[in-house]
Amino acid sequence: MHNLNELMHYKPATKALAGRNILITGAGDGIGRAAALSFAHYGATVILLGRTEAKLEAVYDEIESNGGVQPVIATLDLDTATHQDYLNLNNEIIENLGALHGLLHNASILGEMKPLGQYSEDTFARVMNINLTSNFLLTKAVLPSLQLADNASIVFTSSSVGRKSRAYWGSYAVSKFATEGLMQTWADEFEGTSNIRANSLNPGATQTAMRRQAYPGETPTDNPSAEEIMGAYLFLMSTDSVGINGAQLNAQIAKDT
Ligand code: NDP
C-alpha cells in the first residue's frame, strides 16, 4: 500500500505503463504536456487531445524522439466539440487501439479573477463548459473504450478552490467543486460494478501559464515544475492504484491553488 500523502515521490517500475492507452486532455501545454511525456516515458500509448494542433505536434515529436510509442493526436476544442465528435473519438480508440486504460481530464481555463457581482455571464458559462461539462460528455462517450480495458483509471483534475472556495475565483472554483461531485458520482456508480476507477487530483501550485495568469506577482520558480509533480499522475494511471476509487488526492503537499 502506498502512502497517498507522499505521491509526489512515487516512481513506477520501468515501462510500468506499457500496453496501456491513455487519453490526456490539454496535452499540448503545462501539466497535460508533462503528463503525456511522462506516461509515454513509462511505455504508454498516449492520445494527445487539445485545441492547438501545433502544440500537440510538438509533444508528438518529442515523444517520438525520446523513443516512446507512437502517440495519437486528437485535435478538439472542448468548448465547441459535439456529441458526435466524442463518439467518433471512442470509435477510433476501439478500432485503432482496442481499449482505453486511462483518461486524464486535465484541460481547463481560469476565466476571470473578480467578484461574482462583476463576473461576465458568458465567461461563467464557458468556464463551466470547458472545465466541467466536457468532462461528463467525454467520459460518457468513451465509457465503451474504458470498459474494454482489464482495468481503467479516470482522473479528474481539481484545485484547492474545488475543495474550499475563495473570493474572486468565480466559476473556476464552482467548476472544480462540481468536478469533484462528478467524480464522486461516477466512482460510486463504478464501485463493485466495473473495472473502472475514478479519482480527483489537485496538482497544487505548479509553474504553468495558468498559474502565472492567476498569480502574476509570484516568482514562477517558487513552485515546482509540472515534471516534478508527476508521481501522483503516474500512480493513478498505473495498476498500483487499482482498488482506489472515489478518492480526492493531492499531487503535492497543498499550497493555495
Ligand atoms: P495551462 O493553462 O498551462 O494548460 C491548460 C491546457 O488546457 C492547455 O493545453 C490548453 O490548450 C488546454 N485547453 C484549454 N481550453 C481548452 C479547450 N477548450 N479545448 C481543449 N483544450 C483546452 O494549465 P495548467 O497546466 O496549469 O492546468 C492543468 C490543470 O491543472 C487544469 O485543470 C487546472 O485547473 C489544474 N490546476 C493547475 C494548477 C497550477 O498551479 N498550474 C493548480 C491547481 C489546478 P492551449 O494550450 O491550446 O490553450
Side-chain angles (χ1 to χ4, degrees), residues 1-49 59-60 62-72 93 97-107 139 142 145-158 183 187 190 194-208 223-254:
M1 185 62 191
H2 293 271
N3 179 350
L4 296 182
N5 296 316
E6 296 284 334
L7 290 179
M8 197 169 173
H9 306 298
Y10 171 83
K11 264 206 170 37
T14 317
K15 302 298 169 203
L17 301 181
R20 295 178 76 77
N21 307 319
I22 305 177
L23 171 59
I24 302 124
T25 71
D29 214 337
I31 294 168
R33 173 182 170 277
L37 290 166
S38 186
F39 297 159
H41 174 78
Y42 284 97
T45 302
V46 290
I47 305 158
L48 310 169
L49 189 152
V59 178
Y60 180 106
E62 202 169 335
I63 290 170
E64 288 233 300
S65 67
N66 291 343
V69 180
Q70 186 178 38
V72 176
I93 291 168
L97 302 172
L100 188 64
H101 303 84
L103 169 56
L104 171 57
H105 290 293
N106 163 80
T139 306
V142 301
S145 298
L146 293 162
Q147 284 161 341
L148 286 167
D150 49 353
N151 70 83
S153 175
I154 310 176
V155 178
F156 291 88
T157 304
S158 190
M183 178 280 286
F190 293 147
S194 157
N195 54 357
I196 306 171
R197 56 196 183 281
N199 297 286
S200 73
L201 184 57
N202 170 17
T206 310
Q207 283 175 47
T208 66
N223 298 314
S225 67
E227 291 72 24
E228 288 173 287
I229 62 154
M230 284 298 121
Y233 289 83
L234 288 163
F235 172 73
L236 285 171
M237 287 303 168
S238 80
T239 50
D240 281 341
S241 59
V242 169
I244 296 175
N245 184 40
Q248 296 178 294
L249 300 176
N250 295 300
Q252 51 178 310
I253 304 303

With side chains defined as the heavy atoms from C-beta onward, is the minimum distance between [X] and [Y] less than 4.5 Å?
X: Ile196; Y: Asn245; value: no
X: Thr206; Y: Ile229; value: yes
X: Val155; Y: Ser153; value: yes
X: Val72; Y: Val46; value: no
X: Pro12; Y: Met237; value: no
X: Val142; Y: Leu103; value: yes
X: Leu104; Y: Phe156; value: no
X: Gln207; Y: Pro224; value: no

Nearest 0.5 angstrom please: [X] [atom1] to [Y] [atom2], how far?
X: Asn199; Y: Ser241; atom1: CG; atom2: OG; value: 7.0 Å
X: Asn202; Y: Gln252; atom1: CG; atom2: CD; value: 8.0 Å
X: Gln248; Y: Met183; atom1: CD; atom2: CE; value: 5.0 Å
X: Leu201; Y: Leu236; atom1: CG; atom2: CG; value: 6.0 Å
X: Leu148; Y: Asn195; atom1: CG; atom2: CG; value: 9.0 Å
X: Ser200; Y: Ile154; atom1: OG; atom2: CD1; value: 12.5 Å

What are the two closest heavy atoms between [X] and [Y], and how far apart are they?
X: Pro71; Y: Leu48; result: CB-CD1, 4.1 Å
X: Ala36; Y: Ile63; result: O-CD1, 4.0 Å
X: Ala99; Y: Asn21; result: O-ND2, 2.8 Å
X: Gly30; Y: Thr208; result: CA-CG2, 3.9 Å
X: Pro203; Y: Ile31; result: CB-CD1, 3.7 Å
X: Tyr233; Y: Ala251; result: CE1-CB, 4.2 Å

Item to complete: Applying side chain to side chain contact (heavy atoms under 4.5 Å, CB included), run through Asn66 and His41 and close with a yes or a no.
Response: CA-CA 8 Å; Asn66 291 343; His41 174 78; over 6 Å; no
Discussion item. Taking NZ in Lys15 as the centre, count heavy atoms belonging to other residues, nucleotides or ligands within less than 6.0 Å. Is the count above 12?
Written reply: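 Yes, the 6.0 Å shell around NZ holds more than 12 heavy atoms from other groups.
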Does the side chain of [X] pick up a donor-acceptor pair with the side chain of [Y] at under 3.5 Å?
X: Tyr10; Y: Ser238; answer: yes
X: Asn106; Y: Arg33; answer: no
X: Thr45; Y: Arg20; answer: no

Practice prompt. Verify side chain to side chain contact (heavy atoms under 4.5 Å, CB included) between Leu37 and Glu62, making sure each step is shown before the conclusion.
Written response: CA-CA 8 Å; Leu37 290 166; Glu62 202 169 335; 3.7 Å; yes
Item to complete: Show the numbers, then the answer: is there a side chain to side chain contact (heavy atoms under 4.5 Å, CB included) between Ile47 and Leu100?
Response: CA-CA 10 Å; Ile47 305 158; Leu100 188 64; 3.9 Å; yes
